[in-house]
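Letters A, B, ... are given to chains in the order of the sequence lines, protein chains preceding strands, and every chain is numbered from 1.
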Number of protein chains: 2
Amino acid sequence: MGIFSKTCEYAMRAVFFIAHRTAEGGKVGIKEIAEGIDSPEHFLAKILQDLSRRNIVKSAKGPNGGFYMDNISLKRRLSEVVEAVDGNGLFTGCGLGLHYCSETNPCPLHNEFKVIRNQIFNMLQNTTIEDFNEDLNLGITSLKK
Amino acid sequence: MGIFSKTCEYAMRAVFFIAHRTAEGGKVGIKEIAEGIDSPEHFLAKILQDLSRRNIVKSAKGPNGGFYMDNISLKRRLSEVVEAVDGNGLFTGCGLGLHYCSETNPCPLHNEFKVIRNQIFNMLQNTTIEDFNEDLNLGITSLKK
DNA sequence: ACAGATAAAGATAAAAAACTCTTAATTTTA
DNA sequence: TAAAATTAAGAGTTTTTTATCTTTATCTGT
């Protein structure tokens with residue numbers, strides 16, 4: 001498995017997709033998102049429900065409803081998405097899973113791991129959802145084969 | 001959860017512990033290891049069975065038996081332990097979990113993630129099990145509260 | 001050769017994560 | 001106001017991960 005949970009992978013792909021597809025003020029339905037990012041529809045629905053509750057994406061019911069993002073959502077950092085789904089263990093936890101591990105009582109991997117952990121955090125912290133739109137628009141990056 | 005599976009965390013802690021405790025040619029039993037790294041004994045037994053089959057640790061049955069490491073084991077890189085347990089997805093996989101993602105068909109996170117992934121790999125690749133012994137010996141690092 | 005100590009193996013169980021299905025609530029539009 | 005479209009919510013199911021328990025095989029010392 002990767003460094004993020006599957007749920008988190010779907011979440012990230014979904015926010016990228018929604019941001020990309022609703023840049024002009026539209027909305028996009030769950031079916032289309034699931035299809036667009038190749039994820040199980042009902043499972044993704046649960047994830048988006050949660051992201052919606054946490055205000056990371058916006059949603060509207062009824063005809064012409066769907067998911068979209070407002071300016072606040074677009075400016076959210078990727079770290080906020082990850083934290084909402086996987087918690088902050090990735091940013092703060094010990095590489096060996098030791099609870100007590102800290103600067104003053106480090107595990108053997110502590111110093112090496114700290115560097116990695118901080119870089120993961122920085123990467124996610126320094127990028128907002130909308131940052132990824134340009135490359136998606138240009139077709140430089142993609143979310144599906 | 002962290003970036004490694006729990007199984008992998010136990011595995012790394014165990015090899016550090018074994019290396020540390022058998023530096024003078026002894027052996028150490030499963031009960032003592034489990035206690036020493038605060039892991040469930042029977043579960044750890046399974047993990048060590050596996051690491052033993054893969055020659056990452058050595059084992060001997062019978063009285064005065066237990067786990068230990070020979071020179072080859074001590075020189076193994078941490079990346080070998082991680083790969084044995086969690087596979088190489090951590091070193092090669094896409095951050096968003098997309099199978100097709102590659103240099104020529106990158107996902108939105110590809111370039112940012114690549115850096116992280118390589119650093120994780122380098123960290124694990126550049127350290128051998130025995131590298132961690134000194135600090136454990138000096139009491140600078142620890143595997144249990 | 002026997003008793004005891006130990007890891008190996010196998011079978012099972014519990015918990016968590018991933019996934020599915022059904023129903024309810026909300027909104028729009030005719 | 002009724003029908004249709006859509007997300008929200010709830011209640012499962014399946015799969016994977018983590019953990020436990022029991023039995024077997026192997027080794028050592030006497």
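Near DNA chain D, meaning a heavy atom under 4.0 Å away, the residues from residues 56-73 of chain B are B:K61, B:G62, B:P63, B:N64.
Between B:K46 atom NZ and D:dT22 atom P there is a gap of 14 Å when expressed in whole angstrom units. Following rounding to the nearest Å, A:L51 (CG) and D:dA8 (C1') show an atom-to-atom distance of 14 Å. In this structure, CG of B:L48 is placed 13 Å from C1' of C:dT6, rounded to the nearest angstrom. If you measure from atom CG of A:L44 to atom C1' of D:dT6, you get 15 Å, rounded to the nearest angstrom. Atoms CD (A:E41) and C1' (C:dA18) sit 16 Å apart, rounded to a whole Å. Between the CG atom of A:D50 and the C1' atom of C:dA18 there is a distance of 15 Å, given to the nearest Å. Rounded to a whole Å, the CZ atom of B:R13 is 12 Å from the P atom of D:dT18. Separating the CG atom of B:D86 from the P atom of D:dT18 is a distance of 8 Å, rounded to the nearest angstrom.
The residue among B:I30 and A:S5 whose nearest nucleotide of DNA chain C is located toward the 5' end is B:I30.
Look at B:R54 and B:D50 and you find a salt bridge, because one of the NZ, NE, NH1 or NH2 atoms lies within 4.0 Å of a carboxylate O, short of that distance. By the 4.0 Å N-to-carboxylate-O rule, B:E130 lies too far from B:R76 to be salt-bridged with it.
Residues A:S102 and A:N105 bring no donor and acceptor atom of their side chains to less than 3.5 Å of each other.
In this structure, A:E41 places its CD atom where more than 12 heavy-atom neighbours from other residues, nucleotides or ligands lie under 6.0 Å away.
Take B:K27 and apply the salt bridge (Lys or Arg N to Asp or Glu O under 4.0 Å) test, not counting sequence neighbours, and it matches no residue.
With hydrogens and angles disregarded, a donor-acceptor distance shorter than 3.5 Å links the side chain of B:Y100 to the backbone of A:K144.
Regarding contacts with the backbone of C:dA7, every side-chain N or O of B:S52 stays at 4.0 angstrom or more from both OP1 and OP2. One finds no side-chain N or O of A:K31 lying less than 4.0 angstrom from the OP1 or OP2 phosphate oxygen of D:dA5. For A:Y10, no side-chain nitrogen or oxygen approaches OP1 or OP2 of C:dA18 to under 4.0 Å. For D:dT17, neither phosphate oxygen OP1 nor OP2 lies less than 4.0 angstrom from any side-chain nitrogen or oxygen of B:T7.
At least one side-chain heavy atom of A:L98 sits under 4.5 Å from a side-chain heavy atom of A:C107.
Nearest nucleotide to the side chain of B:F43, out of C:dA9, D:dT20, C:dT20: D:dT20.
In terms of polar N and O atoms assigned as donor or acceptor, the side chain of A:Q49 comes within less than 3.5 Å of the base of D:dA9 in a complementary pairing.
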